[in-house]
Asker: 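Sharing a structure below in structure tokens format, with a few things to ask.
Remember, predicted model here, so these are calculated numbers, not experimental data. A note on names: the letters A, B, ... follow the listed sequences, proteins ahead of strands, and every chain is numbered from 1.
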Amino acid sequence: MADLLTAPKGTYDILPEQQPLRRWVIAIAEDVFTRYGYRRIDTPMFEDTRLFLRGIGEATDIVRKEMYTFTDLGGRSITLRPEGTAPVARAYVEHGMHTLPQPVKLYYHSPMFRYESPQAGRYRQHYQLGVEAFGSSAPELDAEVIGLLATLYRELGLRQVELRLNSMGCKECRPGYSKALRSYLSQNFDGLCAECRERTRLNPLRTFDCKVEGCRGLLADAPRLPDYLCAPCRGHHERVKACLELQELQYVDDHTLVRGLDYYTRTTFEFQCSLLGAQSGIGGGGRYDDLVATIGGPPVPGVGFGTGVERILLALERSGVQGPRPASPVVYLVALAESARSAVFRLAHELRQAGICADLDYVERSPKGQMKQAGRSGARYAFILGEEELATGVLTVRDLTTGEEQRLDAAAAGKLARAAARQASTAFTE
RNA sequence: GUGAACGUAGCUCAGUUGGCAGAGCACUGGGUUGUGGCCCCAGCGGUCGCGGGUUCGAGUCCCGUCGUUCACCCCA
């Protein structure tokens, strides 16, 4: 026990009993994504490190201290994917998707890797569901992406979800704001915490995340991003809001909402769920009109989001949402005598070939033990074989829901099992 | 990276001022020569995270270390 190996820090096993709820969430997500016209893409779990350096931005926390980067045996610098947008953008460029009818709408469900300190809802490997739409700068697309995510949360039955919205401006107007903010921060440098002094130099917009009392006070009087937006950005933002209202979506304007990835332009948004505790962000994203060009592609705009599967599951559990019941066998086979084991094994094979889910004992349990397993397995019927049945060529078929028993030949028993299997599968799809 | 709390059976947890390692659940068998769920009985299962120290004696006290959890930070 002393040297027992465990899952690496910040990782976890997804156990059989946890699978149904997770698979249900993913199935609903894929249904919603498909309904909005998005198609699935899978990209490698690791990429050339330069993709993330250029795409996410070298000043971000993700790139500076959270990437799993290593040199492979060929001397290449490789990084485990920390987020989904840059890899999908890379695939878009690499496969010439800018020549397809635009926009190109893609979705993914993939593990992400970040070297973080684990806590509730935060892991070193976590799964994200996300969408990316390339090739249109229409504000309707921003609003659609946001509406799509809101629809997903609603169909999952999540409660207490709030949408926060901001515009980050574009490369025309944001530099002017950054300059004004940096200048304001520099004038009040003595009142800032050590970290915000660093942020002033690297990425002044991030100071809005600071929770230190003194910094918050100073930032309350800081220049506001909305006052610096250029006319096109302002118009875009107004149209996004109008389209949110067309979808009857509530949102909170938050001009301090700055996300941790440098590629965002114009729209940024984040859904927060108060059921989650400290890691309240359940999903977020925005527009990234310069990303594709930054990683070496044509100047193609885009917009998308990522949402954390573990945080959705956590919120669902705290909302009391139950997953679907795990599948049970239709038939459990019981050998009452040692001499019946071969016939039972043979019968299990035949049932399975006929498409019926059947299970049996493999550890030489007593008859009572086998019946106990049959009951626990959730099977509809126990097919019982002992010396009497072997001699007369029939099966004892016990209906485990009613306890009634009858003697049937193999053909009649198979018919019964097929009927029960059909019933079980229709119950599942409903 | 920083701080706090917690590490005892597969799981959830008791364990008094330091004095024989416990319970419930789960698992296996029996109670019924060939029959599940409920009940009863029995069994299986532990280097008390790991390493040092104090002590006649440490699960218990001290130090270190690793891990988990929560929070900061950041994000999904």
Asker: List every contact pair, protein side and nucleotides 67-69 of chain B side both N or O, where the distance is under 3.5 Å.
Answerer:
none

Asker: Rounding to an integer number of Å, can you tell me how far K368(A) NZ sits from G37(B) P?
Answerer: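 Value for this atom pair: 6 Å.
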Asker: Give me the residues of residues 402-418 of chain A where at least one heavy atom lies under 4.0 Å from an atom of RNA chain B, by number, or none.
Answerer: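 Only G403(A), E405(A) qualify.
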Asker: Donor-acceptor check, side chain of R365(A) to backbone of Q370(A), threshold 3.5 angstrom: yes or no?
Answerer: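 Side chain of R365(A) to backbone of Q370(A): no pair is present.
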Asker: Using the P atom on both, measure C61(B) against A5(B) and round to a whole Å.
Answerer: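 Straight-line distance between the two P atoms is 13 Å.
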Asker: Would you find a donor on one side and an acceptor on the other, under 3.5 Å apart, between the side chain of R352(A) and the backbone of A358(A)?
Answerer: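 At least one qualifying donor-acceptor pair exists.
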Asker: Quick one: does any side-chain atom of R380(A) pair with a main-chain N or O of V330(A) as donor and acceptor, under 3.5 Å?
Answerer: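 Judged by distance alone, no pair lies under 3.5 Å.
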Asker: May I ask you to evaluate whether R365(A) reaches the phosphate of G29(B), defined as a side-chain N or O under 4.0 Å from OP1 or OP2?
Answerer: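 Result: no.
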Asker: Between Y115(A) and G308(A), which residue's closest nucleotide on RNA chain B lies nearer the 5′ terminus?
Answerer: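 The answer here is Y115(A).
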Asker: Begin from the C-alpha positions of R164(A) and E270(A) and carry the test salt bridge (charged side-chain N to carboxylate O under 4.0 Å, His left out) through to its verdict.
Answerer: CA-CA 5 Å; R164(A) 309 188 83 80; E270(A) 190 169 295; over 6 Å; no
Asker: Any side-chain heavy-atom pair from H236(A) and R287(A) closer than 4.5 angstrom?
Answerer: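 When only atoms from C-beta onward are counted, R287(A) and H236(A) do touch, with a gap below 4.5 Å.
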Asker: For the side chain of D409(A) and the backbone of A412(A), is there at least one donor-acceptor N/O pair under 3.5 Å apart?
Answerer: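 The answer is yes, because a donor-acceptor pair under 3.5 Å joins these two groups.
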Asker: Nearest nucleotide by nearest heavy atom, which residue falls closer to the 5' end of RNA chain B, Q373(A) or D399(A)?
Answerer: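 Comparing both residues, the 5'-ward one is Q373(A).
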